[in-house]
K.L.:
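This is the structure I have questions about; it appears just below.
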Amino acid sequence: MIKKLSEQLKKEIRVIPNFPKKGILFQDITSITDNKKLFKQVIVALSQYVKQNTITKIAGIEARGFIFGAALANESCLPFVPIRKASKLPGEIYKQKYKLEYGEDEIQIHKNAVIKSDKVLIIDDLIATGGTAQAAAKLISKCKPKDIEFYFIINLNNLDGFKKLQKNYKAKFILQAEG
Ligand code: AMP
């Protein structure tokens with residue numbers, strides 16, 4: 001099922017050269033969400049994985065991880081944990097800083113969003129260098145859950161973020177592309 005979906009995504013996904021800056025091949029996931037059948041197929045495929053792997057919570061990385069993560073949580077009848085950029089959450093929080101190409105960024109979660117018995121599946125639209133995903137894993141680890149796994153819609157295989165992440169976490173993707 002994933003193989004067929006991957007072939008279909010490959011055909012449908014819009015790739016925009018030199019956006020947002022020169023040299024980037026931007027993978028535009030609105031070409032998935034614009035297509036009601038394809039969007040549903042992606043979410044159903046992910047929800048089968050969730051069921052088979054007895055995941056208890058879905059976490060999504062701001063902002064594009066929210067689109068797929070929240071839809072998946074709803075399809076799977078599970079809670080959704082937003083991994084937010086700094087200063088957006090009102091409750092007690094855990095924080096994690098991470099490096100960007102220029103400077104650094106920070107992500108946060110509510111401390112009580114994940115508990116020790118949870119098996120958390122972290123969702124993002126795409127993994128490139130893996131910096132965001134590694135930071136998300138460190139952040140969720142502060143809650144000491146039973147397990148942390150990842151699912152991405154797209155893996156940019158000209159960068160080695162996914163390979164590095166896989167050394168420490170179970171991780172999957174639907175489609176491989178170049179970015
Ligand atoms: P990274 O931390 O390098 O793995 O970057 C991952 C984040 O950057 C994802 O949340 C993507 O939304 C975004 N991103 C990086 N490269 C691309 C690309 N070529 N096309 C679309 N989004 C990208």
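Order of appearance sets the numbers: ligands from 1, and atoms from 1 within every ligand. Just so we're clear, the structure is a prediction, and the values are computed from it rather than from any experiment. Any value given below was found using the heavy atoms of this structure, including those in side chains, with hydrogens, waters and symmetry copies removed.
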K.L.:
Among Ile153, Asn158, Ile29, Asp125, which one has a heavy atom closest to atom 11 (C) of ligand 1?
P.N.:
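Ranked by closest heavy atom to atom 11 (C) of ligand 1, first place is Asp125.
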K.L.:
In the protein, which heavy atom is nearest to atom 10 (O) of ligand 1, and how far is it?
P.N.:
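Minimum-distance protein heavy atom for atom 10 (O) of ligand 1 reads Asp124 OD2, 3.0 Å.
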K.L.:
Can you pull out the closest protein heavy atom to atom 20 (N) of ligand 1? Residue, atom name and distance to 0.1 Å, please.
P.N.:
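The closest one turns out to be Gln27 N, 3.0 Å.
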K.L.:
Would you say that more than 12 heavy atoms from the other residues, nucleotides or ligands in this model lie under 6.0 Å from the NZ of Lys172, or not?
P.N.:
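No, because the 6.0 Å sphere around NZ of Lys172 holds 12 heavy atoms or fewer from other groups.
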K.L.:
Taking Val114's backbone N and O only, do any of them form a donor-acceptor pair with Asp118's side chain (distance below 3.5 Å, no angle check)?
P.N.:
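Side chain of Asp118 to backbone of Val114, a donor-acceptor pair under 3.5 Å: no, none is there.
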K.L.:
Please check whether Leu156 reaches ligand 1 - meaning an N/O of the residue sits under 3.5 Å from an N/O of the ligand, judged on distance alone.
P.N.:
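For ligand 1, there is no N or O atom that lies under 3.5 Å from one belonging to Leu156.
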K.L.:
Mark the output for Gly130 as yes if a heavy-atom distance to ligand 1 is under 4.0 Å, and as no if none is.
P.N.:
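Contact present.
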K.L.:
Flag atom 8 (O) of ligand 1 as yes if some protein heavy-atom distance to it falls below 4.0 Å, otherwise no.
P.N.:
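It does not: no protein heavy atom is found less than 4.0 Å away from atom 8 (O) of ligand 1.
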K.L.:
Answer yes if the side chains of Lys163 and Asn157 hold a donor-acceptor pair under 3.5 Å, and no otherwise.
P.N.:
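Not at all, the side chains of Lys163 and Asn157 share no donor-acceptor pair under 3.5 Å.
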K.L.:
As a quick check of understanding, evaluate side chain to side chain contact (heavy atoms under 4.5 Å, CB included) for Leu175 and Ile13, giving each step before the final call.
P.N.:
CA-CA 10 Å; Leu175 171 74; Ile13 201 136; 4.3 Å; yes
K.L.:
Give yes or no for whether the N/O distance cutoff of 3.5 Å, strictly under, is met between Leu25 and ligand 1.
P.N.:
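Yes, there is a polar N/O contact under 3.5 Å.
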K.L.:
For atom 23 (C) of ligand 1, grab the closest protein heavy atom and report residue, atom and distance to one decimal in Å.
P.N.:
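Scanning the protein heavy atoms, the shortest distance from atom 23 (C) of ligand 1 goes to Leu126 CD2, 3.6 Å.
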K.L.:
For Asn18 and Gly23, indicate whether the former's side chain and the latter's backbone hold a donor-acceptor pair under 3.5 Å.
P.N.:
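Side chain of Asn18 to backbone of Gly23, a donor-acceptor pair under 3.5 Å: yes, one is there.
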K.L.:
Look at atom 22 (N) of ligand 1 and find which of Glu62, Arg64, Lys164 reaches it with the closest heavy atom.
P.N.:
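Ranked by closest heavy atom to atom 22 (N) of ligand 1, first place is Arg64.
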K.L.:
Verify whether the ring centers belonging to Tyr151 and Phe173 lie closer than 6.0 Å.
P.N.:
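Not under 6.0 Å, so no.
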K.L.:
Please name the pair of heavy atoms, one in Lys10 and one in Gln176, separated by the smallest distance, quoted to 0.1 Å.
P.N.:
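Scanning both residues completely, I find the closest heavy atoms to be NZ-O, 3.0 Å.
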K.L.:
Spell out, yes or no, whether Phe152 and Leu156 are grouped together once hydrophobic residues are joined by side-chain heavy atoms under 4.5 Å, including indirect joins.
P.N.:
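Unlinked, Phe152 and Leu156 end up in two clusters.
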K.L.:
Heavy-atom pairs closer than 4.0 Å: do any link ligand 1 to the side chain of Thr129, the backbone, both, or neither?
P.N.:
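Both backbone and side chain of Thr129 come within 4.0 Å of ligand 1.
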K.L.:
When you measure from atom 2 (O) of ligand 1 to each heavy atom in Asn155, Thr132, Ile154, which option holds the nearest one?
P.N.:
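Answer by nearest heavy atom: Thr132.
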